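Since this is a predicted model, take the numbers as computed values, not measurements. Convention: sequence-line order gives letters A, B, ...; per-chain numbering from 1.
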Number of protein chains: 2
Amino acid sequence: MLGDMTAPDFQQQLRDVALRVTRPRLAVLEAVHASPHADTESLIAAARALLPDVSHQAVYDSLHTLTQAGLVRSIKPAGSVARYETRTGDNHHHVVCRSCGDIADVDCAVGHVPCLTASDSHGFVIDEAEVIYWGLCPDCSSRPL
Amino acid sequence: MLGDMTAPDFQQQLRDVALRVTRPRLAVLEAVHASPHADTESLIAAARALLPDVSHQAVYDSLHTLTQAGLVRSIKPAGSVARYETRTGDNHHHVVCRSCGDIADVDCAVGHVPCLTASDSHGFVIDEAEVIYWGLCPDCSSRPL
DNA sequence: CCACTTTTCTTGAACGAGTCAAGACTTGGG
DNA sequence: CCCAAGTCTTGACTCGTTCAAGAAAAGTGG
């Protein structure tokens with residue numbers, strides 16, 4: 001069951017970053033992989049579909065750990081709760097619908113590392129540029145309130 | 001005030017956007033103008049320095065109203081509470097220190113409207129691109145933990 | 001395969017920025 | 001000056017997230 005060949009090898013992913021392989025972590029990893037941009041509540045539900053008795057705290061903890069390890073990435077658009085995805089390390093950004101909060105991935109038009117060098121960084125040592133495009137998703141823009 | 005001719009006329013700003021001129025709003029506008037990137041708690045304190053008995057709720061409400069009217073702009077970097085500034089409409093972005101949370105303004109290297117056209121917007125109608133540069137401020141980068 | 005050490009998970013309570021609601025007060029127009 | 005609409009005060013409350021203590025599981029060395 002957890003050795004599904006078509007899906008990423010989550011066990012191996014955990015070992016690769018020197019994290020212990022636990023069922024909560026596997027369930028969370030699989031849940032995030034299956035539902036990109038899902039919020040924590042949904043992920044708790046999804047993780048429980050795989051491991052019925054996981055505590056919400058274990059999910060929160062796993063998400064933090066996996067985020068720090070770089071296996072998942074968290075995004076928190078203003079006005080939204082935390083959301084997670086497994087697509088990491090490829091410098092992609094997000095479009096967020098102002099109306100329904102839906103999120104989609106976008107690659108920057110510039111192609112890579114957009115605007116990473118600010119004109120005047122005030123002495124800050126910058127290591128990441130996070131871009132959020134705000135607008136309306138197809139559904140919401142075609143169905144104005 | 002004190003002969004400062006460059007100080008914005010906050011009363012006029014409110015009238016220009018068809019908002020009622022109330023003392024809480026003036027106090028909040030002035031507070032935000034005086035302390036760019038301040039969080040709500042600081043702004044409540046700053047507003048009370050000008051108008052001792054403002055309720056926190058009036059400050060929250062004013063901030064929302066002023067934000068909607070475009071007189072102030074709010075920013076909420078992940079892991080931080082809401083912060084506000086009066087510099088609006090000039091497409092500038094922010095550098096946020098991962099360590100101390102300090103924020104500074106930056107103009108995008110591209111000069112204007114950076115990356116506003118995503119490569120594939122998935123049908124979203126985009127109206128704004130928000131950029132946050134993450135890194136370490138001068139103090140934190142020179143004094144590693 | 002077992003005992004041990006460390007990390008992780010469970011349970012349950014707590015926190016705090018922000019929001020809601022009802023009634024009193026202001027603002028600005030007439 | 002008066003009034004209706006819009007704002008503010010007060011105080012309770014929500015809910016995503018975090019904290020804490022003890023129980024359980026993972027990995028390690030014997």
Side-chain angles (χ1 to χ4, degrees), chain A residues 2 10-32 37-48 50-69 71-72 74-84 101 103, chain B residues 10-32 37-48 50-69 71-72 74-84 101:
Chain A
L2 292 172
F10 299 123
Q11 287 202 207
Q12 194 53 49
Q13 285 190 12
L14 287 171
R15 293 213 161 86
D16 288 347
V17 294
L19 285 181
R20 288 191 178 180
V21 179
T22 68
R23 285 186 295 176
R25 282 176 185 168
L26 290 173
V28 169
L29 252 185
E30 188 164 345
V32 176
H37 310 141
D39 58 37
T40 315
E41 193 181 8
S42 305
L43 291 174
I44 291 174
R48 283 187 174 148
L50 303 165
L51 185 63
D53 293 323
V54 237
S55 62
H56 70 132
Q57 189 61 23
V59 176
Y60 271 104
D61 192 34
S62 297
L63 287 171
H64 286 162
T65 308
L66 296 173
T67 299
Q68 278 200 301
L71 295 185
V72 311
S74 82
I75 44 184
K76 306 187 187 179
S80 169
V81 296
R83 288 157 183 279
Y84 298 85
I103 298 180
Chain B
F10 298 123
Q11 287 205 204
Q12 193 53 50
Q13 284 190 14
L14 288 171
R15 292 212 161 87
D16 287 347
V17 294
L19 286 182
R20 287 193 177 178
V21 179
T22 67
R23 284 186 297 175
R25 284 177 183 167
L26 289 172
V28 170
L29 251 187
E30 188 164 344
V32 176
H37 308 143
D39 57 37
T40 314
E41 192 181 10
S42 306
L43 291 174
I44 291 173
R48 284 186 175 151
L50 302 165
L51 184 63
D53 293 324
V54 238
S55 63
H56 70 131
Q57 189 60 22
V59 176
Y60 272 104
D61 191 33
S62 298
L63 287 171
H64 286 162
T65 308
L66 295 172
T67 299
Q68 278 199 300
L71 295 185
V72 311
S74 83
I75 44 184
K76 307 187 187 179
S80 170
V81 295
R83 288 158 181 279
Y84 298 86

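- Whole-Å rounding puts the Lys76(B) NZ to dG16(D) P distance at 15 Å.
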Between the protein and nucleotides 27-30 of chain D, list every N/O to N/O distance that falls short of 3.5 Å.
| from | atom 1 | to | atom 2 | distance (Å) |
| --- | --- | --- | --- | --- |
| dG27(D) | OP1 | Val21(A) | N | 3.0 |

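- The distance from atom CG of Leu66(B) to atom C1' of dG6(D) is 15 Å, rounded to the nearest whole Å.
- Rounded to whole angstrom, the span from the NE2 atom of His64(B) across to the P atom of dC8(D) amounts to 13 Å.
- Between Leu26(A) atom CG and Leu51(A) atom CG the span is 9.0 Å, to the nearest 0.5 Å.
- Using a 4.0 Å heavy-atom distance criterion, Arg23(B) is classed as making no nucleic acid contact.
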- Task: Run the numbers on Leu29(A) and Val72(A) for side-chain contact (heavy atoms from CB on, under 4.5 Å), then give the verdict.
- Result: CA-CA 8 Å; Leu29(A) 252 185; Val72(A) 311; 4.0 Å; yes

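- Considering CD of Gln68(B) and NE2 of His64(B), their distance stands at 8.5 Å, rounded to 0.5 Å.
- Each of Leu51(A) and Ser80(B) was assigned the nucleotide of DNA chain C with the nearest heavy atom; the assignment lying further toward the 5' end belongs to Leu51(A).
- In this structure, Arg25(B) atom CZ and dT27(C) atom P are separated by 11 Å, rounded to whole Å.
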Filtered N/O pairs between nucleotides 12-17 of chain C and protein, under 3.5 Å:
none

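- One atom, CD of Gln11(B), and another, P of dG28(C), lie 8 Å apart when rounded to the nearest Å.
- Using a 4.5 Å heavy-atom threshold, the side chains of Arg20(A) and Arg25(A) count as touching.
- A pairwise comparison of heavy atoms in Arg83(A) and Ile103(A) identifies CD-CD1, 3.2 Å as the closest pair.
- One distance of note links CG of Leu43(B) with OH of Tyr84(B); it measures 8.0 Å at 0.5 Å rounding.
- For the pair Val81(A)/Thr40(A), no side-chain contact is recorded, criterion being any heavy-atom separation below 4.5 Å from C-beta on.
- Here dG18(C) presents its C1' atom at 16 Å from CZ of Arg83(B), a figure rounded to the nearest Å.
- At a threshold of 4.0 angstrom between heavy atoms, the contacts of Asp53(A) are confined to the sugar-phosphate backbone, with no base atom among them.
- The interatomic distance linking Leu14(B) (CG) with dC8(D) (P) rounds to 10 Å, in whole Å.
- Between Asp61(B) atom CG and His56(B) atom NE2 the span is 11.0 Å, to the nearest 0.5 Å.
- His37(B) NE2 to Ile75(B) CD1: the interatomic distance, rounded to the nearest 0.5 Å, is 5.0 Å.
- The bend of the helix from dC1(C)-dG30(D) to dG30(C)-dC1(D), defined by the angle between the axes of its first five and last five pairs, stands at 40° to the nearest 10°.
- Between Leu71(A) and Asp16(A), every side-chain heavy-atom pair lies at or beyond the 4.5 Å cut-off.
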- Message: Please determine whether side-chain contact (heavy atoms from CB on, under 4.5 Å) holds for the pair Ser62(B) and Thr65(B), giving the CA-CA distance in whole Å, both sets of side-chain angles, and the decisive distance to 0.1 Å.
- Response: CA-CA 5 Å; Ser62(B) 298; Thr65(B) 308; 5.6 Å; no

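- Leu26(A) has its CG atom 14 Å from the C1' atom of dC9(C), to the nearest Å.
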